[in-house]
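All of these numbers come straight from a predicted model, not from anything done at the bench. Excluded from the calculations below are hydrogen atoms, water molecules and symmetry mates; all remaining heavy atoms, backbone and side chain alike, are included.
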Amino acid sequence: MRIGIDARLYRAERTGIGSYTAHLIQSFARLAREEEFLLFTDEPVPLPGPNFSNPVIRVKKRILWTLLFLPFMLRTNRVDLFHGTANFELPPFAPCRLVSTVHDLIPLHFPEL
């Protein structure tokens with residue numbers, strides 16, 4: 001299976017979502033050696049293992065990266081499953097199955113805050 005991961009925050013300072021993404025990728029490197037992982041980023045990142053690659057989408061505008069360029073790259077790279085690690089940022093017209101990690105629901109439960 002070819003699994004794509006939104007790894008834009010993988011290289012960021014390791015707090016919050018960047019830390020979560022780093023731990024997720026490191027765990028996959030240790031445990032899921034049969035799968036192929038594609039770390040989609042806007043800048044190159046170090047690869048944690050031989051079953052990882054790093055398609056780079058050099059677009060800094062998040063909305064363009066997610067809505068326009070990512071779906072094309074998912075199709076081009078024949079991704080079976082894409083994991084969005086940054087809350088609700090998923091491409092609406094993805095050519096594959098999607099998984100999203102939602103890190104915080106406080107704004108939905110307490111909108112006044």
Side-chain angles (χ1 to χ4, degrees):
M1 178 180 273
R2 295 172 63 87
I3 301 170
I5 299 172
D6 180 348
R8 288 175 288 176
L9 298 177
Y10 177 51
R11 63 177 165 66
E13 183 179 328
R14 297 292 163 82
T15 61
I17 296 173
S19 180
Y20 166 81
T21 303
H23 289 292
L24 177 73
I25 290 169
Q26 291 163 3
S27 294
F28 282 146
R30 277 193 329 274
L31 302 172
R33 297 176 190 231
E34 301 293 320
E35 311 301 335
E36 185 176 348
F37 294 94
L38 296 89
L39 305 180
F40 288 92
T41 60
D42 53 9
E43 295 289 333
V45 296
L47 300 177
N51 54 332
F52 285 80
S53 63
N54 179 213
V56 176
I57 305 170
R58 292 191 184 272
V59 175
K60 292 297 181 185
K61 292 263 187 196
R62 289 173 55 175
I63 193 141
L64 292 177
W65 192 94
T66 302
L67 300 180
L68 187 60
F69 292 92
L70 180 59
F72 173 77
M73 291 295 285
L74 294 173
R75 186 178 321 284
T76 301
N77 287 280
R78 299 180 337 271
V79 172
D80 299 306
L81 174 77
F82 179 75
H83 184 166
T85 58
N87 292 317
F88 298 107
E89 274 191 44
L90 293 173
F93 304 107
C96 60
R97 292 178 185 248
L98 302 171
V99 172
S100 179
T101 298
V102 179
H103 298 278
D104 188 355
L105 293 176
I106 288 177
L108 295 176
H109 290 288
F110 303 102
E112 68 278 5
L113 298 177

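Not one N or O on the side chain of R78 forms a donor-acceptor pair closer than 3.5 Å with the backbone of R2. With hydrogens and angles disregarded, no donor-acceptor distance shorter than 3.5 Å links the side chain of N54 to the backbone of A7.
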Start with the C-alpha gap between F52 and V45, add the side-chain angles, then the distance that decides, and say whether side chain to side chain contact (heavy atoms under 4.5 Å, CB included) holds.
CA-CA 11 Å; F52 285 80; V45 296; over 6 Å; no

With side chain to side chain contact (heavy atoms under 4.5 Å, CB included) as the criterion, how do L24 and T85 come out once you've worked through the C-alpha distance, each side chain's angles and the decisive distance to 0.1 Å?
CA-CA 9 Å; L24 177 73; T85 58; 4.2 Å; yes

How far apart are the C-alpha atoms of R8 and T66, what are their side-chain angles, what is the distance that settles it, and do they pass the side chain to side chain contact (heavy atoms under 4.5 Å, CB included) test?
CA-CA 11 Å; R8 288 175 288 176; T66 302; 3.7 Å; yes

Test D42 against W65 for side chain to side chain contact (heavy atoms under 4.5 Å, CB included), laying out the working first.
CA-CA 8 Å; D42 53 9; W65 192 94; 4.1 Å; yes

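L38 is listed as a side-chain neighbour of F40, based on a closest heavy-atom distance under 4.5 Å. Residues I57 and F72 have side chains not in contact (no heavy-atom distance under 4.5 Å, counting atoms from C-beta outward). Looking at heavy atoms from C-beta onward, I25 lies in side-chain contact with L39 at the 4.5 angstrom threshold.
If you chain together hydrophobic residues whose side chains sit under 4.5 Å apart, L64 and M73 fall into the same group. Note on L9 and L98: separate hydrophobic clusters, where clusters join Ile, Leu, Val, Met, Phe, Trp and Tyr whose side-chain heavy atoms are under 4.5 Å apart, directly or indirectly. One hydrophobic cluster, built from ILVMFWY side chains closer than 4.5 Å, holds both L47 and I3. Linking ILVMFWY side-chain heavy atoms closer than 4.5 Å, directly or via other members, places L68 and F93 in two distinct hydrophobic clusters.
With sequence neighbours excluded, the residues satisfying side chain to side chain contact (heavy atoms under 4.5 Å, CB included) with P95 are L74, R75. Residues satisfying the salt bridge (Lys or Arg N to Asp or Glu O under 4.0 Å) test with E35, not counting sequence neighbours, are none.
Donor-acceptor pairing under 3.5 Å is recorded for the side chains of Y20 and T101.
F37 and F28 have parallel rings, their planes meeting at less than 30° on a 0 to 90° scale where 60° marks the start of perpendicular.
Across all their heavy atoms, M1 and L81 have their closest contact at SD-CB, 4.5 Å. The two residues C96 and V79 have their closest heavy-atom pair at CB-O, 3.1 Å. Nearest heavy-atom pair across L70 and F82 is CD2-CZ, 3.5 Å.
No more than 12 heavy atoms of other residues, nucleotides or ligands sit less than 6.0 Å from atom CD1 of I63.
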